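Computed from a predicted model, the values in this text were never measured in an experiment.
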Amino acid sequence: RYVSLGSILAASVIPIFVLIQNAFILPIEPLAPVLFATIAGAGLIVLAHRENIRRLMSGTESKFK
């Protein structure tokens, strides 16, 4: 029910999916720039949600209804 938590988790798993895709489905050449971009994007999304993270940790984040 927390939209911000869903966004953070979704962004955080994208680099993992890129690694899984590279290993088992379709190799990405070169992998380093793509992996760097996904990690940087995930980091930016987490930074954008830092206030929401504080509210989640303190238990005051509002739920999506």
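In terms of hydrophobic clustering, with Ile, Leu, Val, Met, Phe, Trp and Tyr side chains grouped at heavy-atom distances under 4.5 Å, Ile45 and Ile53 are assigned to different clusters.
Nearest heavy-atom pair, Ala11 versus Pro15, reported as atom, atom and distance to 0.1 Å: O-CD, 3.4 Å.
Panel note: side chain Asn52, backbone Ser4; no donor-acceptor pair is recorded below 3.5 Å.
Paired with Ser12 under the rule side chain to side chain contact (heavy atoms under 4.5 Å, CB included), one option of Ile16, Ile14, Ile8, Leu9 passes, and it is Ile8.
Looking at Arg50 and Val46, their side chains never come closer than 4.5 Å, going by heavy atoms from C-beta outward. The shortest side-chain heavy-atom distance between Val18 and Leu31 falls under the 4.5 Å cut-off.
In this structure, Phe17 CZ and Ile25 CD1 are separated by 10.0 Å, a value rounded to the nearest 0.5 Å. Note that the CD1 atom of Ile28 and the CD atom of Gln21 stand 4.5 Å from one another [nearest 0.5 Å]. Of the inter-residue distances, the one linking Thr38 atom OG1 with Phe36 atom CZ reads 10.0 Å to the nearest 0.5 angstrom. In this structure, Arg54 CZ and Thr60 OG1 are separated by 11.5 Å, a value rounded to the nearest 0.5 Å.
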